[in-house]
Amino acid sequence: MRSRFCFSSLLLCAALLLTGCAGVTVGSISPSEYLAQRRGDVLITGKLSTSAQEVLRVIGSDADQCTADGQACRQALADSTGLSDEQRLSALSEVWLQVALKAGKAGGANAGPSAPETIEAYLETARHAYAYLFFTTRKPRDRAFEDRQTQVRDYYNYAVQQAITGLFSRYRQSGLAGDDALPRVPQVGAWRIDTDLSALELRPDDPVPQALIPAASLTFSGLRNTYRRDGFGAELVVETNQPAPSPPSPLSADNKTEDDTPPYSEMPFPGLTALLRFEGADLRAVLATHTARIVVFDPYRTSTTRLAEQDIPLAANFTSGYGLWLARSDFARQALRSLFGSADGLTRPRIYLMQPYDPNRRTVIMLHGLASSPEAWINVANEVLGDETLRRSYQIWQVYYPTNAPLPINNFAIRQAITETLAHFDPGGQAEASRNITLIGHSMGGVLSRLLVSSSGDKLWDALLTSYPMQGAQQQRIEQRLAPYLRFEPLPQVSDAIFIASPHRGTPFANNRVARWVANLITLPVAMLGQLNDISRDLMRIAPGKQDIGPLRIPNSIDNLSDRDAFVQMSSGLPMNPRVHFHSIIGNDTPGVAQALSSDGIVPYESAHLDGAASELVLRSAHSVQENPLAILEIRRILREQLLLTPRCQDTPVKLPSVGAAEGRPCSR
């Protein structure tokens with residue numbers, strides 16, 4: 001009995017001992033849970049990352065204790081000798097970010113994103129991330145495959161974004177400005193902050209920013225892709241106080257306007273990349289300083305910067321500024337107001353630069369079609385600028401013109417607008433931006449693009465004389481007024497053209513009942529009619545029964561697109577500049593029909609086709625073929641090919657800020 005009791009007791013003790021030793025158990029997790037543990041952090045989940053929690057446990061703390069007594073937690077992290085610099089700095093950066101996020105959401109008069117307490121916490125976040133990245137033993141390249149470095153980089157970028165936008169908000173609220181109209185950043189707590197805008201190459205007439213918008217906070221419908229570049233720094237969009245351009249007065253044949261409004265304007269929402277640099281040449285100095293400098297870059301010009309004797313790639317967003325401009329432009333409604341001749345419609349072409357003017361990049365000029373606007377190029381422009389090779393070599397200008405105006409008037413006015421814009425930005429005409437220009441035109445914009453590279457000679461004028469015989473002073477007077485519309489030569493700066501669904505020989509669609517009904521609703525503005533009414537009356541007196549005959553009367557745009565229109569019939573045969581390499585992209589929305597008889601539903605193939613094209617692509621598409629992804633790929637192919645066809649002149653080096661090295665300038669063909 002006693003031995004049995006002893007044996008039972010031994011078994012019980014053994015069981016207890018075995019249970020006490022089983023301090024570790026094992027389980028399994030899914031791949032998604034594994035990734036969440038590895039990459040979840042305060043930015044993604046609102047909770048400290050696994051890495052930060054591990055560091056806190058090493059010093060005898062945890063996330064809850066750190067939240068309850070943040071100051072003591074941060075001090076313990078800073079003072080602990082049991083941590084490496086990388087562990088300490090990465091954890092402090094994330095803990096400070098948690099503080100900043102909480103302060104930014106707090107209510108009250110002295111709280112919120114631009115409150116001093118919030119900005120100071122973001123500055124501390126950025127400072128500790130900056131120290132981790134550049135002032136620890138290992139360099140960023142040594143940690144290239146580590147998740148933790150990516151997290152800390154994101155803490156820095158986000159903290160810089162929030163600190164700078166918060167500081168700018170305080171600047172706007174306080175009304176502080178220096179003598180040169182550039183921001184004088186207000187001091188926050190013990191922090192002294194200055195700015196370095198030298199990389200932007202600002203001009204004296206550049207507009208003062210009205211707001212700084214984090215690019216990451218914007219989403220767009222209508223844009224297929226958002227193009228950005230991973231790297232270091234905050235991606236921002238600047239909202240300038242550049243007013244929305246009012247329609248300038250129409251240009252008359254004697255080249256005078258009622259006002260001096262320029263026909264060009266630069267992007268009112270340019271993108272920027274901003275950094276915070278902290279004073280100090282070593283870790284101790286960086287952690288002790290309360291001096292920081294905001295350094296701002298144009299991401300189109302600069303792709304890397306030098307930090308701690310290392311070349312660091314800069315982050316960039318190439319879509320958000322463009323998307324914001326389109327979203328706030330109201331182009332769709334204005335285009336219709338212009339088509340039907342409303343008083344607030346467009347009466348003269350405007351040229352919009354999609355990025356700050358760069359003399360070292362080639363220029364692509366896009367012209368939309370009937371009843372349209374720059375919105376016709378939403379994805380074309382975005383995809384071109386999203387291509388790294390093309391972005392480094394090209395800049396995009398978009399022509400916005402009144403599509404109710406007759407082709408001769410728009411041809412003349414667009415020529416004037418392009419010439420004036422080039423003369424403003426490059427008076428000497430020597431910059432790469434003024435040479436080897438590419439025109440891309442859709443529909444009526446393609447017809448205008450072809451006119452811009454064509455020579456009329458005396459063909460149009462002689463045709464007018466055939467219908468309206470005149471001589472002497474009367475002929476001189478009318479010839480002087482009509483010469484800009486009937487006599488023109490190719491724009492010498494243009495070397496390439498891409499015609500998309502362009503009715504070069506007109507279209508029978510313009511003659512159908514619906515098109516004629518719409519044409520009857522189209523009204524030309526009184527100011528525009530004034531350019532030609534006197535001439536029209538003179539021609540009617542010369543030949544009263546022939547006012548609808550000849551190359552020029554006062555038609556509207558739909559009249560001009562008819563395959564019966566006299567101007568279209570005669571101008572379609574005008575010779576193009578032999579220097580110009582041209583391409584055609586044509587839609588086919590009539591399956592089962594021979595290509596020669598096909599149509600995109602608006603423009604027949606026989607009108608869009610041009611002999612002598614360097615390439616022709618026919619796509620299964622309706623008339624808006626420029627939005628077809630295959631058409632956009634073709635445009636990108638052509639633009640890339642142009643760079644290969646035009647070699648670089650190695651004897652004329654040009655400094656390209658985007659790469660920081662001298663490269664040859666492309667030669668003219």
Side-chain angles (χ1 to χ4, degrees), residues 339 349 367-372 401-415 439 441-468 482 484-490 497 499-512 514-516 518-520 522 524 528 532 535-536 539 546-577 582 584 586-587 599-613 623:
L339 181 66
L367 292 89
H368 58 79
L370 178 70
S372 190
Y401 64 95
T403 62
N404 56 349
L407 287 173
I409 290 181
N410 269 329
N411 176 41
F412 168 68
I414 291 171
R415 288 169 175 271
L439 299 178
H442 172 249
S443 192
M444 186 164 71
V447 176
L448 287 165
S449 296
R450 185 180 54 77
L451 291 174
L452 294 174
V453 296
S454 298
S455 173
S456 67
D458 289 327
K459 181 178 180 179
L460 300 178
W461 173 250
D462 289 346
L464 184 74
L465 289 180
T466 300
S467 297
Y468 299 94
L482 287 182
Y485 306 117
L486 299 184
R487 287 197 174 112
F488 47 85
E489 294 299 322
F499 307 126
I500 306 175
S502 302
H504 300 295
R505 301 172 188 85
T507 170
F509 186 85
N511 306 319
N512 71 29
V514 174
R516 299 315 311 156
V518 174
N520 290 333
I522 293 177
L524 300 180
M528 190 180 293
L532 298 175
I535 301 171
S536 179
L539 295 178
K546 296 183 178 182
Q547 62 267 29
D548 290 334
I549 303 175
L552 183 72
R553 55 189 179 86
I554 309 182
N556 57 48
S557 51
I558 291 185
D559 295 328
N560 264 167
L561 292 179
S562 168
D563 56 357
R564 303 172 187 172
D565 182 79
F567 181 85
V568 166
Q569 289 176 349
M570 282 180 284
S571 64
S572 64
L574 296 177
M576 285 190 282
N577 185 348
F582 64 92
S584 297
I586 301 171
S599 167
D600 64 17
I602 302 291
V603 177
Y605 172 83
E606 63 178 358
S607 182
H609 169 78
L610 289 176
D611 292 335
H623 185 58

Check your understanding: Can you name the closest pair of heavy atoms from M576 and F582 and give their distance?
Key -> CE-CE2, 3.4 Å
Check your understanding: Taking the side chain from K459 and the backbone from M570, do they hold a donor-acceptor pair closer than 3.5 Å?
Key -> yes
Exercise for review: Over all heavy atoms of both residues, which pair between A501 and V603 is shortest? Give the atoms and the distance, please.
Suggested key: O-CG2, 3.7 Å
Point to revise | Working for side chain to side chain contact (heavy atoms under 4.5 Å, CB included), residues S607 and T507 | key: CA-CA 7 Å; S607 182; T507 170; 5.6 Å; no
Check your understanding: Does the side chain of N577 reach to within under 4.5 Å of the side chain of E489, using non-hydrogen atoms?
Key -> no
Check your understanding: According to the interplanar angle, ranging from 0 to 90°, do the rings of H442 and H623 count as parallel (below 30°), tilted (30 to 60°) or perpendicular (above 60°)?
Key -> tilted
Check your understanding: Are the side chain of S599 and the backbone of G601 linked by a donor-acceptor contact shorter than 3.5 Å?
Key -> yes
Practice item. Please tell me if the side chains of L452 and L367 come closer than 4.5 Å, counting only heavy atoms from C-beta onward. Key: yes
Revision key, fill the gap. Nearest heavy-atom contact between L486 and S456 is O-OG, 3.2 Å
Review point. Quick one: does P503's side chain get under 4.5 Å of V447's, heavy atoms only?
Key: yes
Review point. Any side-chain heavy-atom pair from R450 and S571 closer than 4.5 angstrom?
Key: yes
Check your understanding: After noting the C-alpha distance and the side-chain angles of L407 and M444, does the key distance pass the side chain to side chain contact (heavy atoms under 4.5 Å, CB included) rule?
Key -> CA-CA 9 Å; L407 287 173; M444 186 164 71; 3.8 Å; yes
Point to revise | F412 side chain reached by N410 side chain, heavy atoms, under 4.5 Å | key: no
Check your understanding: Once you round to the nearest 0.5 Å, how far does OH of Y401 lie from OG of S372?
Key -> 8.0 Å
Point to revise | Evaluation steps, salt bridge (Lys or Arg N to Asp or Glu O under 4.0 Å), between D458 and R487 | key: CA-CA 7 Å; D458 289 327; R487 287 197 174 112; 2.9 Å; yes
Exercise for review: Apply side chain to side chain contact (heavy atoms under 4.5 Å, CB included) to L460 and F567, showing your working.
Suggested key: CA-CA 8 Å; L460 300 178; F567 181 85; 3.8 Å; yes
Check your understanding: For R415 and F488, which heavy atoms make the closest approach, and how far apart are they?
Key -> NH2-CD1, 3.2 Å
Review point. Do you know which two heavy atoms are closest between L370 and T403, and how far apart they sit?
Key: CD1-O, 3.5 Å
Practice item. Starting from the C-alpha separation in whole Å, work towards a yes-or-no answer on side chain to side chain contact (heavy atoms under 4.5 Å, CB included) for I409 and Y485. Key: CA-CA 6 Å; I409 290 181; Y485 306 117; 4.1 Å; yes
Exercise for review: Supply the atom-to-atom distance H368 NE2 to I500 CD1, rounded to the nearest 0.5 angstrom.
Suggested key: 13.5 Å
**Study point:** Smallest separation among heavy atoms of V568 and D565, with atom names
**Key:** N-OD2, 3.0 Å
